[in-house]
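Reviewing the structure listed below.
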Amino acid sequence: MDDSTRRSFLRDLSLGAAAFTAAGQGAQTNQMPGTPPSGDTQPQPSHPASIMAIAAHPGDAFFAMGLAVALQVHLGGQGAFLSLSLGERGSARIDPAQYGPLQRQAAKSAAHMLGARAEFLTYPDGEIPVSEEAKFAVCDLIRQYRPGIVVTHWRGSWHKDHEACYKIVNDAMFYAGLPALDRRHPPHEVGKLFFADNWEDANSFTADIYLDITTVFESWQEACAVFPMWRGENGFRYNDYYQSLAVTRGCLCNCKYAVALMSPAEQLIRRMKAL
Ligand SMILES: [Zn+2]
């Protein structure tokens, strides 16, 4: 990469971050179900968008997606963390019957510390089904919380639950926006979808949005530390990995700490058109 390319790259990053913080809840207007979110071409709202992180396991929601949620809440938006399972089979030392409730309590505490809500669907850890039932369950929570932004797993994962979550969320967003689909809550179109930078979902992951999360880095660290697996207790040093990643990403966009996200291809194309 030559110098001129690098400069334009960094300019694009700052535009991306600005676009993210301005992302709207108003996307339900004029958007047909099943069409890509309309990206930056939609009118910008005067208030920060709400955000929902939807993850296979509580650790993914907070460690890989939590900084984006924390930032959006810091800016004045509403935040919610949804875990499709409790990650109860994640410990070799603690029985799942005990570990599940520990994970649930940690997620509740961490969400509270970040000013967000925690929701759970208790599909079995390792066996999250790509079923219509799961898609409608997520659809109902999307309709209930009405996020302008959803962050979830990228499909390029070696973890079957993460790949399942990607598929469930994509279809759940489609169902959530279908006006003719009668559920408990009225239809809701999610304005923007992003994929999180997760060590288990790195296959073909390409970051295109960088967020300066320096203001929320400390509170995010404290929230993550309530999880019994944060410091490597289960074999992977989440704390070292995600803290170092924030430093690395920060170097790339000239701030102390940053987090990177990936846009769906159709959303990226629309943003490029808007430029
Ligand atoms: Zn996971």
Side-chain angles (χ1 to χ4, degrees), residues 51-70 79-111 114 116 118-131 134-135 137-138 141 150-170 172 193-205 207 220-221 223-246 259-262:
I51 184 168
M52 183 177 234
I54 306 177
H57 312 109
D60 302 303
F62 287 86
F63 306 164
M65 307 172 190
L67 279 165
V69 175
F81 293 92
L82 168 59
S83 303
L84 303 189
S85 84
L86 295 176
E88 71 275 10
R89 290 169 173 157
S91 174
R93 302 172 292 110
I94 306 173
D95 187 83
Q98 294 175 302
Y99 197 61
L102 284 178
Q103 289 269 87
R104 181 193 286 270
Q105 189 51 51
K108 281 184 175 177
S109 300
L114 295 175
E119 291 281 353
F120 307 92
L121 293 170
T122 52
Y123 297 109
D125 186 10
E127 300 176 58
I128 294 175
V130 184
S131 65
K135 293 170 187 176
V138 175
L141 285 161
V150 163
V151 181
T152 193
H153 291 279
W154 169 235
R155 67 167 178 260
S157 180
W158 55 259
H159 198 305
K160 66 189 284 286
D161 279 351
H162 294 198
E163 192 181 359
C165 183
Y166 168 90
K167 293 175 179 170
I168 290 167
V169 169
N170 271 272
L193 173 67
F194 294 102
F195 305 117
D197 192 1
N198 187 314
W199 75 282
E200 291 164 299
D201 307 342
N203 189 9
S204 302
F205 180 89
W220 166 78
Q221 270 188 315
C224 290
V226 304
F227 281 88
M229 62 196 284
W230 175 239
R231 296 175 191 81
E233 291 88 339
N234 292 356
F236 185 83
R237 287 151 48 210
Y238 292 95
N239 58 340
D240 285 345
Y241 181 82
Y242 283 107
Q243 288 167 4
S244 303
L245 188 62
V259 71
L261 298 168
M262 177 179 178

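Just so you know, ligand 1 is whichever comes first in the structure, and atom 1 is the first atom listed for that ligand. Residue indices begin at 1 and follow the sequence shown.
- Taking the six-membered ring for Trp and the full ring otherwise, the centers of His159 and His57 sit less than 6.0 Å from each other.
- Below the 2.8 Å limit, the Zn ion (ligand 1) has as protein N, O or S neighbours His57 ND1, Asp60 OD2, His162 NE2.
- Aromatic rings of Phe195 and Phe205 (six-membered ring for Trp) have centroids beyond the 6.0 Å cut-off, not under it.
- No side-chain donor from either of Tyr99 and Asp125 sits under 3.5 Å from a side-chain acceptor of the other.
- Using the six-membered ring where Trp is involved, Tyr166 and Trp154 have ring planes that are perpendicular, over 60° apart on the 30 and 60° scheme.
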* Worked check of ring pair (Phe, Tyr, Trp, His ring centres under 6.0 Å) between Tyr242 and Trp220 -> CA-CA 11 Å; Tyr242 283 107; Trp220 166 78; 7.2 Å; no
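- Using cut-offs of 30° and 60° on the angle between ring planes, the pair Phe63 and Tyr238 is tilted.
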